[in-house]
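The structure appears right after this line, and notes come after that.
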Amino acid sequence: MKQRVLTAGTYTLLAISLLALTGCSSSTGSPTKKMGSQKPCELISTQDLGAILQTSVPKPEMSGPQCQYSTANTVTVSMSRGVQSAKGGSEVAVEGQRATKSEFAKGQGCVMDVQLADDDPQQLFSVAMVFGPDAVAKFGDKACELTEKVVAKVIQSLPG
């Protein structure tokens, strides 16, 4: 009888240890994504961005280290690589990747940073979205919801 109790206790400890080890491993469980040599304007197509924003998106323009898309309904989307933009934001997960989200302008602006590899600052990309008056009328305070969709699309397109 005593032998069974020890065996059951041993199995319980083993199960707890395995659960603890699983918790200590990658919290995402997803494969490592990498951006390779992609520039900010290559992270998402104008067609994919247009589908998310429900409008046509003209060709983006580079402005310093950022790629900027501006739509007719006054949504501005900026994408950058290697530049942290959402400092002080809240930690979230998108497509199994750790991200930092910072909302501003009463939900009419949002910035998300995604660090794909802790040891490589060039594996950080940021997406910022700001609504103008027409976009506020169309989307309300959903800038972070749409920004997250853009980030998810970028992550899905990356190899890894």
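As the structure is a prediction and not an experimental result, all values here were calculated from the model. We count residues from 1, following the sequence as given.
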Exercise for the section: Not counting sequence neighbours, which residues clear side chain to side chain contact (heavy atoms under 4.5 Å, CB included) with Asp120? List them please. Expected result: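 Expected list: Ala117, Gln122, Gln123.
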Problem - Contacts of Asp118 that satisfy salt bridge (Lys or Arg N to Asp or Glu O under 4.0 Å) - sequence neighbours left out - result: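 Checked Asp118 against salt bridge (Lys or Arg N to Asp or Glu O under 4.0 Å); matches are Arg98.
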Closest heavy-atom pair and its distance - [X], [Y]:
X      : Y      : value
Gln84  : Lys87  : OE1-CE, 3.6 Å
Met129 : Ala143 : SD-O, 4.0 Å
Thr74  : Pro133 : OG1-N, 3.7 Å
Ala105 : Gly109 : CB-N, 4.3 Å
Val94  : Ala99  : CG2-CB, 4.3 Å

Check whether any side-chain heavy atom of [X] lies under 4.5 Å from a side-chain heavy atom of [Y], and answer yes or no.
X     : Y      : answer
Ile44 : Val150 : yes
Leu53 : Val77  : yes
Arg81 : Met35  : yes

Problem - Summary of side chain to side chain donor-acceptor pair (under 3.5 Å) pairs that have at least one residue in residues 146-156, sequence neighbours excluded - result: Glu95-Gln156
Practice task
Give every residue pair that meets the side chain to side chain donor-acceptor pair (under 3.5 Å) criterion with at least one member in residues 103-115, sequence neighbours excluded.
Solution key: Asp113-Ser126
Problem - Transitive ILVMFWY cluster of Val130, excluding itself - 4.5 Å side-chain cut-off - result: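 Its cluster partners, ordered by chain and number, are Phe104, Val111.
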Practice task
Supply the members, apart from Leu124, of the Ile/Leu/Val/Met/Phe/Trp/Tyr cluster built from side-chain contacts under 4.5 Å; use none for a lone residue.
Solution key: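 Its cluster mates, by chain and number: none.
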Exercise for the section: Give a yes or no on whether the backbone of Asp48 and the side-chain of Ser45 come within a donor-acceptor separation of less than 3.5 Å. Expected result: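 Confirmed, Ser45 side chain pairs with Asp48 backbone.
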Problem - Short side-chain to backbone donor-acceptor contact, Lys101 and Met112, under 3.5 Å - result: no
Drop me the distance from [X]'s [atom1] to [Y]'s [atom2], to the nearest 0.5 angstrom.
X      : Y      : atom1 : atom2 : result
Met79  : Gln38  : CE    : CD    : 9.5 Å
Ile155 : Phe125 : CD1   : CZ    : 4.5 Å
Gln66  : Ser80  : CD    : OG    : 5.0 Å
Leu158 : Thr32  : CG    : OG1   : 12.0 Å
Cys67  : Leu43  : SG    : CG    : 8.0 Å

Practice task
Applying ring-ring contact (aromatic ring centres under 6.0 Å, His included), name anything that partners Phe131, two or more places apart in sequence or on another chain.
Solution key: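 Once residues adjacent in sequence are excluded, the partners of Phe131 under the ring-ring contact (aromatic ring centres under 6.0 Å, His included) criterion are Phe139.
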Practice task
With sequence neighbours left out, write down each residue that passes ring-ring contact (aromatic ring centres under 6.0 Å, His included) with Tyr69, or none if nothing qualifies.
Solution key: none
Practice task
Would you kindly confirm whether Val127 and Val83 end up in one hydrophobic cluster when ILVMFWY residues are joined by side chain heavy atoms under 4.5 Å apart?
Solution key: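 Val127 and Val83: separate clusters.
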Among all residues two or more places apart in sequence or in another chain, which pass the side-chain hydrogen bond (donor to acceptor under 3.5 Å, both in side chains) test with [X]?
X      : answer
Gln54  : none
Thr100 : Glu91
Thr71  : Asn73

Practice task
Determine which pairs satisfy disulfide (SG to SG under 2.5 Å) with at least one residue from residues 76-160, sequence neighbours left out, and list them in order.
Solution key: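 Every disulfide (SG to SG under 2.5 Å) pair that includes a residue of residues 76-160, provided the two are not neighbours, is Cys110-Cys144.
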